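One structure below.
All values reported here derive from a predicted model rather than from experimental measurement. Convention: sequence-line order gives letters A, B, ...; per-chain numbering from 1.
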Number of protein chains: 2
Amino acid sequence: MEVKGKTDRKTQVIEAAEALFSDKGFLATSMRDLAEALELEAASLYTHISSKDELLFLIADRCANEFFEAINPIYKSNLNTEAKLTAMIVAHMEVIARNLPASAVFFNEWKHLAEPRKSEYAQRRDDYEAIFRSVVRKGFEENLFYNYDEGFSTRTILAALNWTHTWYKPDGELKPEEIGERLAKILLTGLIRNM
Amino acid sequence: MEVKGKTDRKTQVIEAAEALFSDKGFLATSMRDLAEALELEAASLYTHISSKDELLFLIADRCANEFFEAINPIYKSNLNTEAKLTAMIVAHMEVIARNLPASAVFFNEWKHLAEPRKSEYAQRRDDYEAIFRSVVRKGFEENLFYNYDEGFSTRTILAALNWTHTWYKPDGELKPEEIGERLAKILLTGLIRNM
DNA sequence: GTCTATAGTTTGATAGAC
DNA sequence: GTCTATCAAACTATAGAC
């Protein structure tokens with residue numbers, strides 16, 4: 001039984017794929033491009049992964065898991081609605097920041113998954129949005145927010161959040177936590193009544 | 001000299017391409033797919049356009065023009081900053097709504113333009129964002145907005161706006177104008193001091 | 001685990017008949 | 001303006017030697 005280190009070959013393949021898929025797009029990246037980045041021949045990649053589609057799935061699936069694991073404990077906590085939503089926004093932002101190429105793939109390339117993975121993925125995305133939506137709904141029920149519909153407000157929050165991957169720089173001025181908090185402030189103060 | 005009607009063959013080709021590129025993506029759409037949608041053979045398409053890249057350019061370029069034409073008169077008007085930004089948001093939303101497939105291509109597929117078109121396009125996008133940014137900056141200078149940096153606030157506005165193309169339905173409850181106004185309200189009331 | 005060689009498709013685009 | 005026929009290149013993936 002081999003012990004897998006951080007420089008595990010399969011991990012290297014996946015990380016190189018994240019960078020290329022994020023930069024050029026899934027379809028615009030050939031297995032030859034990927035092999036070249038790893039200084040391999042294309043055929044050698046198939047020792048580590050079974051297909052290009054599996055590679056896309058591995059990237060998107062791991063990223064999805066990270067998003068769920070980040071917000072679930074917060075969702076289940078006893079925080080009040082405003083604090084809970086803010087913490088979820090910050091947590092989501094932190095997942096993006098520490099998985100920058102992977103989340104670009106996650107957001108932009110999922111449509112190229114082959115079935116049945118594509119449908120399963122779409123379901124998970126809906127489930128994730130539903131968690132945010134239920135917190136927003138709570139805010140309406142508690143009369144904390146103006147009564148805009150949940151779907152509209154939730155999509156606006158996630159849109160503002162998910163766009164950050166296009167401009168966030170790890171070595172920029174703002175830390176992920178600060179970006180999340182600032183975003184939450186802009187969005188929430190717009191939603192909260194009598195502030 | 002021929003009079004071009006609405007059912008001009010080239011226009012038909014472009015509109016079919018908008019639908020397919022929007023739905024499946026530029027690279028995932030073959031010229032054969034496009035020909036099939038028009039009940040033609042692939043070779044016949046080249047009577048009307050010179051290359052697949054030109055087709056992508058025509059779609060993105062027309063869409064860019066529409067965005068500039070929609071916001072420029074508002075930008076140059078004498079409206080106060082709050083009203084101006086709201087009107088620009090509504091106008092932008094209306095362009096998305098009446099060019100739904102084209103704007104999906106505009107937002108998601110531009111990276112697949114060949115050079116030098118890709119660089120020119122990136123420049124136009126920056127110019128467009130700069131117009132919004134200058135209005136946001138005015139709001140900071142007038143002490144109308146909290147002092148978050150312009151770039152951050154501007155990107156958040158455009159992110160919320162540009163995500164609407166993923167869920168907006170022409171036959172849905174909300175008209176584009178209502179979506180724009182609601183979006184502006186959420187974003188601006190979050191930015192305006194002492195409201 | 002990596003290589004060379006290659007099978008089998010699909011791609012964007014062109015030539016030339018009608 | 002549309003067709004048939006076709007080219008040259010690129011693609012994912014496999015077979016089998018080392």
query = Which residues within residues 112-122 of chain B lie with some heavy atom under 4.0 Å of an atom in DNA chain D?
reply = none
Could you give the side-chain donor-acceptor pairs of residues 16-27 of chain A under 3.5 Å, partners two or more places apart or in another chain?
{"unit_1": "A/Glu18", "atom_1": "OE2", "unit_2": "A/Arg62", "atom_2": "NH2", "d": "2.9"}
{"unit_1": "A/Lys24", "atom_1": "NZ", "unit_2": "A/Asp33", "atom_2": "OD2", "d": "3.1"}

key: Strand contacts (DNA chain C) in residues 56-63 of chain B, 4.0 angstrom heavy-atom criterion   = none
remark   = Rounded to whole Å, the CZ-P distance (B/Phe26 to C/dT11) equals 13 Å
message = Please enumerate all residues that pass side-chain contact (heavy atoms from CB on, under 4.5 Å) together with B/Ala43, with sequence neighbours excluded.
response = none
task = For the pair B/Asp61 and B/Arg124, find out whether any cationic side-chain nitrogen is under 4.0 Å from an anionic carboxylate oxygen.
result = yes
query = Hey, are A/Arg98 and A/Glu94 close enough for a salt bridge, meaning a charged N less than 4.0 Å from a carboxylate O?
reply = no
inquiry  = Looking at A/Lys138 and A/Glu142, is there a salt bridge between them, counting it only when a charged N and a carboxylate O are closer than 4.0 Å?
reply    = yes
query = Under 3.5 Å, is there a donor-acceptor pair linking the side chains of B/Tyr75 and B/Ser134?
reply = yes
remark   = B/Leu20 atom CG is separated from C/dT11 atom C1', nearest whole Å, by 16 Å
request  = Please name all residues satisfying side-chain hydrogen bond (donor to acceptor under 3.5 Å, both in side chains) with A/Ser77, sequence neighbours left out, ordered by chain then number.
outcome  = none
ask   = What are the two closest non-hydrogen atoms of B/Leu161 and B/Ile89, and how far apart are they?
value = CD2-O, 3.7 Å
task = Taking Watson-Crick and G-U wobble pairs with both distances under 3.5 Å, convert DNA chain D into its dot-bracket string, 5' to 3', dots for unpaired and | for cross-strand pairs.
result = ||||||||||||||||||
pair A/Val136-A/Thr81: side-chain heavy atoms closer than 4.5 Å = no
ask   = For A/Ala43, which contact category applies under a 4.0 Å heavy-atom criterion: base, sugar-phosphate, or nothing?
value = base
query = Would you say the side-chain atoms of A/His112 and A/Asp53 include a donor-acceptor pair closer than 3.5 Å?
reply = no
query = Residues two or more places apart in sequence or in another chain: which of them pass ring-ring contact (aromatic ring centres under 6.0 Å, His included) with B/Tyr121?
reply = B/Phe106, B/Trp110
message = Is the ring pair B/Tyr128/B/Phe68 parallel, tilted or perpendicular, if the boundaries are 30 and 60 degrees?
response = perpendicular
ask   = Per the side-chain contact (heavy atoms from CB on, under 4.5 Å) rule, which among B/Glu150, B/Arg137, B/Met88 passes with B/Phe132?
value = B/Met88
Do any N or O atoms of the protein come closer than 3.5 Å to N or O atoms of nucleotides 16-18 of chain D, and which pairs are they?
none

task = Keeping the roles fixed (side chain from A/Thr189, backbone from A/Ile186), state whether a donor-acceptor pair exists under 3.5 Å.
result = no
ask   = Where along residues 44-55 of chain B does a heavy atom fall under 4.0 Å from DNA chain D?
value = B/Ser44, B/Thr47, B/His48
request  = Strictly below 4.0 Å, heavy-atom distances to any atom of DNA chain D: list the hits from residues 27-34 of chain A, or just say none.
outcome  = A/Thr29, A/Ser30, A/Met31, A/Arg32
query = If we ignore angles and hydrogens, is there a donor and acceptor under 3.5 Å between the side chains of A/Gln123 and A/Asp127?
reply = yes
key: Atom pair distance, as rounded to whole Å: CD in A/Gln12 and C1' in C/dT2   = 14 Å
Please tabulate, one pair per line, all N/O donor-acceptor pairs under 3.5 Å involving side-chain atoms of residues 166-184 of chain B, not counting sequence neighbours.
{"unit_1": "B/Thr166", "atom_1": "OG1", "unit_2": "B/Trp163", "atom_2": "O", "d": "2.7"}
{"unit_1": "B/Glu178", "atom_1": "OE1", "unit_2": "B/Lys175", "atom_2": "N", "d": "2.8"}
{"unit_1": "B/Arg182", "atom_1": "NH1", "unit_2": "A/Asp149", "atom_2": "OD2", "d": "3.1"}

inquiry  = Can you measure A/Glu41 atom CD to C/dT2 atom P for me and round it to whole angstrom units?
reply    = 11 Å
inquiry  = Under 3.5 Å, is there a donor on one side chain and an acceptor on the other for B/Glu115 and B/Ser119?
reply    = yes
remark   = In short, side chain to side chain donor-acceptor pair (under 3.5 Å) pairs touching residues 37-50 of chain A with sequence neighbours left out are A/Ser50-A/Glu54
